[in-house]
Amino acid sequence: MKAVNGVHHIGIAVDDLDASIPVYAALFGSTLEHRDTVEEQGVEAASLAAGISRIELLAPLAPDTPVGRFLASRGPGLHHVAFEVADVALELDRLRRDGVRLIDERPRRGLFGLQVAFVHPEATGGVLAEFVSDDRH
Ligand code: CO
């Protein structure tokens with residue numbers, strides 16, 4: 001059974017989005033695909049294409065936001081790994097049946113208008129995991 005198509009992106013928490021985009025471009029030759037601010041999630045994000053892979057840089061809009069609290073406790077760095085799936089709801093049902101701890105019980109609209117859901121890091125050995133479906137490519 002094929003559950004995921006592959007890694008869709010790596011999410012990295014940064015203090016300063018404007019400063020980080022050119023750093024990643026210089027280091028890895030990545031190019032800016034999309035940029036998005038989601039007020040209700042308190043985050044500003046940039047999607048960078050890096051070869052066949054993608055990096056999602058996340059900066060908090062305020063300290064009292066999920067990414068702001070992450071930066072305060074862990075500092076900048078790896079925030080989550082996103083796996084591309086055909087159907088987020090189907091994968092959530094599969095994990096729920098297996099008793100896996102989820103953050104999102106149903107798919108929701110994430111960054112860049114994509115359907116996403118997060119799996120609790122307790123279930124994955126400490127890595128926040130995201131399911132995403134992306135029919136743009
Ligand atoms: Co993500």
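Remember, it's 1-based here, ligands and their atoms both numbered in the order they're listed.
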Among the N, O or S atoms that E130 has, which is closest to the Co ion (ligand 1)?
OE1
Taking A49's backbone N and O only, do any of them form a donor-acceptor pair with S30's side chain (distance below 3.5 Å, no angle check)?
no
Taking both backbone and side chain into account, is any N, O or S atom of H8 nearer than 2.8 Å to the Co ion (ligand 1)?
no
R109 (side chain) donor-acceptor with Q115 (main chain) under 3.5 angstrom:
no
Do H79 and F70 have ring centres separated by under 6.0 Å?
yes
Assess whether atom CD1 of I52 is packed by more than 12 heavy atoms of other residues, nucleotides or ligands within 6.0 Å.
no
Calculate the angle formed at the Co ion (ligand 1) by OE2 in E56 and NE2 in H80; 10° precision is enough.
90°
